[in-house]
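Working notes, structure below.
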Amino acid sequence: MEKAIRRYWPVFVLPTLAAFCIGFIYPFIQGLYLSFCKFTTIKKATFIGLKNYAYALSDEGFWSAFSFTAAFTVASTVLINVIAFMIALALTSRIKGANLYRTVFFMPNLIGGIVLGYIWQILLNCVLSLLDKPLLALNATYGFWGLIILMLWQQVGYMMIIYIAGLQSIPEDYLEAARIDGASASQILFRIKIPNVMPSITICSFLTITNGFKLFDQNLALTGGEPAHESEMMALNIYNTFYSRSGGQWKGYGQAKAVIFCIMVILISLIQLKVTKSREVQQ
Amino acid sequence: MKKKNNTAASVLSAFLGILAIFWVYPVVMILINSLKSEKYITTDSAFILPDAASFAGLENYVQALGAQGFATAFGYSLVITVSSVVLILLCTSMCAWYITRVHNFLSKMCYALFVFSMVVPFQMLMFTLSSTADRLELDTPFRICIIYLGFGAGLAVFMFTGFMKSIPLEIEEAAMIDGCNPIKTFFSVILPILKPTLISVCILETMWLWNDYLLPYLVLDRKKYTTIPILIQYFKGSYGHVAMGPMMACIIMTVLPIIIMYISCQKYIIKGVLAGAVKG
């Protein structure tokens, strides 16, 4: 049977593979190459070695974007997961209207980043101006916490769904046995519930880490990197290096930054893979 | 004991209730303000319901649909999303079947590359991808689906292969022995079994495509075509006065179909999201 299918590869594999070459492989390889070049368009590229990387690594804007991104990723990962887990706990405790709450909390997840960004920009700016505080675009600290609030609003529902699924898969016998043995509510939580949802915690942590690290739409829409690029995250910094400056050198710098960014994201994913694998062995 | 539980439960309910209001409020606020006429939309009165003087009816919506180009943007978004999702579902499910059933260099290499592509951030490709699309003239809403098939193939193939490994080989063998060629076997035997995964992948890809901003912004011919996220970004990104009323009307008209879709097929959406999360 394998032979029969193998003969049909032009039908089964070729369309996807051709599109994949156009939409991924070719641009990826070209992007790698161009990161060593000075170019304004792809045809006018001259090889200049590692100069782009040297610039990218010495660019203060890039490093401040990195530290903003890192701080944001840590804060959002912790807050999103803690709140999502608490809501999931509450909703699995046979509370009235659990389904309605679940529906409401998950809803923002389906709205796109740009639209979310503007909704919150309007709302937060109204609140800030009523409190006589500077607007989001004028103060990077407010911009930071604005982004955190926005991401909480968007992602708590998603993570909550995963945690609910994890909590519901704990066998009822475990909980009952613990209760009969006289375990208190907090003992049940820390000794039974949390260890049993560790796989969900791993999944959610890495989802929030990568989402935070790669964030672009929300950043662009909510603050646009203002004031003076202070609230700019890495993806937006790369985008601005590419498109909001004229001059022959910037595109090469942008591409080099993109490669560095890509390597960081791949490293995070490799760590994730390793952590997930080691869990599987234990179980 | 029972009484204590009751108070704890009602505190919890109250807390969740407040949280739920916090979750719904931003959209409600935009809705309220989208019904006011332009000069009444100020930061001081943003939290007040429209009154007789400030109520503008659907004026903002009419303006957004026509003059601001929401109707056309909606049309293009729809064309792009539907064509890309159909193409992705069809092509990647076929590709995934080949990858799971055939064990040769081609299938192994494809799988590794697809998984790798899921990790790579878009910024890595954005410049080269948009110029490739330009050169191949894929910069219209009717042809951009080829780019999306290429860039979105990773997740779809990954999810399909994950599920296909659990389909018993005997069913396909029986069909082949009865004289089906692989193409017929795929469409009459495999595709029906795949239905739950098809729905999950369909939902994940739709969520991504409908909301995607940067790829169409860079790839499409900007003077001719806008999608909804691009339109909303234009409102704010352009210099000078921002037409707040029509902008909020646009936001509401973007969010409303999503909410209706969500409420009507919530079960599938949550299932799809869970499947994607566990795999991804």
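Letters A, B, ... are given to chains in the order of the sequence lines, protein chains preceding strands, and every chain is numbered from 1. These values consider heavy atoms only, across backbone and side chains, with no hydrogens, waters or symmetry-generated copies. Every value quoted in this text rests on a predicted model; they were computed, and no experiment measured them.
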(request) Could you tell me which of A:I87, A:V127, A:L110, A:N109 has the largest number of non-hydrogen atom pairs under 4.5 Å with chain B? (result) A:L110

(request) State the CD1-CD1 distance between A:I114 and B:I230, to the nearest 0.5 angstrom. (result) 9.0 Å

(message) Does B:M261 have more than 12 heavy atoms from other residues, nucleotides or ligands lying within 6.0 Å of its CE?
(response) no

(request) Answer with side chain, backbone, both or neither: which region of A:Y33 has an atom nearer than 4.5 Å to a non-hydrogen atom of chain B? (result) neither

(message) Using side-chain heavy atoms (C-beta onward) and a distance below 4.5 Å, is B:M124 in contact with A:V265?
(response) no

(message) Only pairs of heavy atoms separated by less than 4.5 Å count here; which of B:C250, B:G17, B:A153 has the most with chain A?
(response) B:G17

(message) Quick check on A:I25 against chain B: is it the side chain, the backbone, both or neither that has a heavy atom closer than 4.5 Å?
(response) side chain

(request) Among A:P27, A:A90, A:G112, single out the residue with the greatest number of heavy-atom pairs under 4.5 Å to chain B. (result) A:P27

(request) Return the option, out of A:W120, A:Y243, A:Y26, A:F213, with the maximum number of heavy-atom pairs under 4.5 Å with chain B. (result) A:Y243

(message) For the interface with chain A, which of B:F22, B:W208, B:F15 has the highest count of heavy-atom pairs at distances below 4.5 Å?
(response) B:F22

(request) Report the distance from atom CZ of A:F242 to atom OG of B:S130, rounding to the nearest 0.5 Å. (result) 8.5 Å

(message) Quick one, B:F122 with A:Y239, criterion ring pair (Phe, Tyr, Trp, His ring centres under 6.0 Å). Give me CA distance, side-chain angles, the key distance, then yes/no.
(response) CA-CA 10 Å; B:F122 180 66; A:Y239 176 82; 9.8 Å; no

(message) Let me confirm one number: the CZ-OG1 distance from A:F24 to B:T128, rounded to the nearest 0.5 Å.
(response) 10.0 Å

(request) Flag the one option from A:L220, A:V259, A:V115 with the top tally of heavy-atom pairs under 4.5 Å to chain B. (result) A:L220

(message) Looking at every non-hydrogen atom in both residues, tell me the closest pair between B:G150 and A:F20 and how far apart they are.
(response) O-CD1, 3.2 Å

(message) Quick check on B:L138 against chain A: is it the side chain, the backbone, both or neither that has a heavy atom closer than 4.5 Å?
(response) side chain

(request) Side chain from CB out, backbone as N, CA, C, O: work out which of these in A:S93 comes under 4.5 Å of a heavy atom of chain B, or both, or neither. (result) side chain

(message) For a side-chain contact (heavy atoms from CB on, under 4.5 Å) check, start with the C-alpha distance between A:M107 and B:W23, then their side-chain angles and the critical distance, and finish with the verdict.
(response) CA-CA 9 Å; A:M107 183 264 299; B:W23 244 253; 5.7 Å; no

(request) Output the option from B:I146, B:L214, B:T92, B:L149 having the highest count of non-hydrogen pairs under 4.5 Å with chain A. (result) B:L214

(message) As an exercise: rank B:P121, B:S131, B:C91, B:A156 by heavy-atom pairs under 4.5 Å with chain A and give me the winner.
(response) B:P121

(message) Is the distance from the ring center of A:F28 to that of B:F151 below 6.0 Å?
(response) no

(message) For the CD1 atom of A:I5 and the CH2 atom of B:W97, what is their distance to the nearest 0.5 Å?
(response) 4.0 Å

(message) Using side-chain heavy atoms (C-beta onward) and a distance below 4.5 Å, is B:Q233 in contact with A:D217?
(response) no

(message) Under a 4.5 Å cutoff for heavy-atom pairs, which residue among B:L136, B:N181, B:T254, B:L19 has the most contacts with chain A?
(response) B:L19

(request) Against chain B, work out which of A:I263, A:L116, A:V156, A:L91 has the most heavy-atom pairs shorter than 4.5 Å and name it. (result) A:V156

(message) Working to the nearest 0.5 angstrom, can you tell me the gap between B:L16 CG and A:M86 CE?
(response) 10.0 Å

(request) Counting only heavy atoms closer than 4.5 Å, note whether A:L34 contacts chain B via side chain, backbone, both or neither. (result) side chain

(request) Specify which of A:C262, A:A258, A:S200 makes the most heavy-atom pairs with chain B at under 4.5 Å. (result) A:C262

(message) Please classify the contact between A:Y158 and chain B as side chain, backbone, both or neither, with a heavy-atom cut-off of under 4.5 Å.
(response) side chain

(request) Using a 4.5 Å cut-off on heavy atoms from C-beta on, say whether the side chain of B:S13 contacts that of A:I95. (result) yes

(request) Tell me, for B:Q123 versus chain A, whether the close heavy atoms (under 4.5 Å) come from the side chain, the backbone, both or neither. (result) both

(request) Please state whether the side chain, the backbone, both or neither of A:K251 comes within less than 4.5 Å of a heavy atom of chain B. (result) side chain

(request) Residue by residue, scan residues 7-17 of chain A and write down, ordered by number, those that have a heavy-atom distance under 4.5 Å to chain B; if none do, write 'none'. (result) A:Y8, A:W9, A:V11, A:F12, A:V13, A:P15, A:T16, A:L17

(message) Does any backbone or side-chain atom of B:L87 lie under 4.5 Å from a heavy atom of chain A? Answer side chain, backbone, both or neither.
(response) neither

(request) Please look at A:S269 and chain B and tell me whether the side chain, the backbone, both or neither of the residue comes under 4.5 angstrom of a heavy atom of that chain. (result) side chain

(request) Look up atom CE in B:M29 and atom CD1 in A:I122, then write down how far apart they are to the nearest 0.5 Å. (result) 6.5 Å

(request) For A:F106 and B:Y262, run side-chain contact (heavy atoms from CB on, under 4.5 Å): C-alpha distance rounded to whole Å, both residues' side-chain angles, the deciding distance at 0.1 Å, then the answer. (result) CA-CA 10 Å; A:F106 183 76; B:Y262 169 50; 3.3 Å; yes

(request) Please look at B:V102 and chain A and tell me whether the side chain, the backbone, both or neither of the residue comes under 4.5 angstrom of a heavy atom of that chain. (result) both

(request) Write down the atom of A:R6, the atom of B:H103, and the distance for their closest heavy-atom approach. (result) NH2-O, 4.1 Å

(request) Name the member of B:V24, B:I147, B:N104 that forms the most heavy-atom pairs with chain A at distances under 4.5 Å. (result) B:N104

(request) Please state whether the side chain, the backbone, both or neither of B:M126 comes within less than 4.5 Å of a heavy atom of chain A. (result) both

(request) With side-chain contact (heavy atoms from CB on, under 4.5 Å) as the test, would you mind laying out the steps for A:Q30 and B:F127 before giving the verdict? (result) CA-CA 10 Å; A:Q30 201 175 30; B:F127 183 78; over 6 Å; no

(message) If you apply the rule side-chain contact (heavy atoms from CB on, under 4.5 Å), what do you find for A:I161 with B:K271, and how did you get there?
(response) CA-CA 10 Å; A:I161 296 281; B:K271 234 195 215 159; over 6 Å; no

